[in-house]
Peer 1: 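Submitted below is the structure of interest, expressed as structure tokens.
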Amino acid sequence: MAIERTLSIIKPDATRRNLTGKINALFEAGGLRIVAQRRIQLSRAQAEAFYAAHSARPFFGSLCAFMTSGPVVVQVLEGENAVARNREIMGATDPAKAADGTVRKQFAESIEANSAHGSDSLDNAKIEIAFFFAGVDIVG
Ligand code: ADP
Ligand code: MG
């Protein structure tokens, strides 16, 4: 296995409930290292650009409204097999289907307000990391 980096976002439902530290603790306990992190307010244009791959899906407008409803914490996670590992720690998109102990099982409010985003492939991780971070901002 290789050391990878993946893009994670702690979503507005979680920042609103002050859960950043609790979610970060799960990433760290799961073997991932937070090598870059920034709390930001996404604009509508930024949310639409980030989720452009989902623009044809019926929930796109609602998702972009949700993602701009409050601050998010964008972060780069590093570790062995980080893309897949992060998705294991997050759990399934729908919290009703997420495994016990996962971020989404513990914290998600709904399939939309599901507390965390994680890149779904190494190629997308590279694109998504570059969307938010310059190389100089990532300290491994
Ligand atoms: P994941 O975040 O697990 O990779 P997707 O990439 O399929 O899931 O979807 C992106 C985000 O869109 C989800 O995390 C969730 O916030 C939202 N979403 C996905 N499916 C639905 C749905 N059926 N209804 C509302 N929002 C959804
Ligand atoms: Mg996805």
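As the structure lists them, so they are numbered: ligands from 1, and atoms in each ligand from 1. Quick note: residue numbers are just sequence positions, from 1. The structure displayed is predicted, hence computed values, not measured ones.
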Peer 1: What protein heavy atom lies closest to atom 1 (P) of ligand 1? Include the residue and the distance to one decimal.
Peer 2: Thr93 OG1, 3.5 Å
Peer 1: I need the nearest protein heavy-atom contact for atom 7 (O) of ligand 1: residue, atom name and distance, please.
Peer 2: Arg57 NH1, 3.3 Å
Peer 1: Got an N/O contact under 3.5 Å between Asn114 and ligand 1?
Peer 2: yes
Peer 1: Do any N or O atoms from the side chain of Asn124 and from the backbone of Ser119 form a donor-acceptor pair under 3.5 angstrom?
Peer 2: no
Peer 1: Applying a heavy-atom cut-off of 4.0 Å, say which part of Arg104 lies close to ligand 1: side chain, backbone, both or neither.
Peer 2: side chain
Peer 1: Whether the side chain of Arg85 engages the backbone of Gly30 through a donor-acceptor N/O pair (distance < 3.5 Å, no angle test) should be reported.
Peer 2: yes
Peer 1: Taking side chain as C-beta onward, heavy atoms only, is Ile40 less than 4.5 Å from Val74?
Peer 2: yes
Peer 1: Can you tell me which portion of Ile111 lies within the under-4.0 Å heavy-atom range of ligand 1? Options are side chain, backbone, both, or neither.
Peer 2: both
Peer 1: Please say whether Tyr51 places an N or O atom under 3.5 Å from an N or O atom belonging to ligand 1.
Peer 2: no
Peer 1: What verdict does the side chain to side chain contact (heavy atoms under 4.5 Å, CB included) test give for Arg57 and Tyr51, after you've listed the backbone C-alpha separation in whole Å, the side-chain angles of each residue and the deciding distance to 0.1 Å?
Peer 2: CA-CA 10 Å; Arg57 296 176 80 172; Tyr51 278 119; over 6 Å; no
Peer 1: What is the closest protein heavy atom to atom 19 (C) of ligand 1, and at what distance does it sit?
Peer 2: Phe59 CZ, 3.5 Å
Peer 1: Checking side-chain contact (heavy atoms from CB on, under 4.5 Å) against Ser115, which of Met90, Arg17, Lys11, Gln106 comes through?
Peer 2: Arg17
Peer 1: Any idea which protein heavy atom is nearest atom 16 (O) of ligand 1, and the distance to it?
Peer 2: Glu112 O, 2.8 Å
Peer 1: Going by the atom numbers of ligand 1, which of them fall below 4.0 Å from some non-hydrogen atom of Arg87?
Peer 2: 1 (P), 3 (O), 4 (O)
Peer 1: Looking at Arg33, I'd like to know if its CZ atom is crowded, meaning that more than 12 non-hydrogen atoms belonging to other residues, nucleotides or ligands lie closer than 6.0 Å.
Peer 2: no
Peer 1: Classify the ring geometry between Phe132 and Phe50 as parallel (under 30°), tilted (30 to 60°) or perpendicular (over 60°).
Peer 2: tilted
Peer 1: Looking only at protein heavy atoms, which one is nearest to atom 11 (C) of ligand 1, and how far off is it?
Peer 2: Leu63 CD2, 4.0 Å
Peer 1: Do the side chain of Gln75 and the main chain of Gln37 share a donor and acceptor less than 3.5 angstrom apart?
Peer 2: no
Peer 1: Please confirm whether Lys11 approaches ligand 1 to less than 4.0 Å, judged on its heavy atoms.
Peer 2: yes
Peer 1: Give the residue and atom name of whichever protein heavy atom lies nearest to atom 6 (O) of ligand 1, and the separation in Å to one decimal.
Peer 2: His54 NE2, 3.0 Å
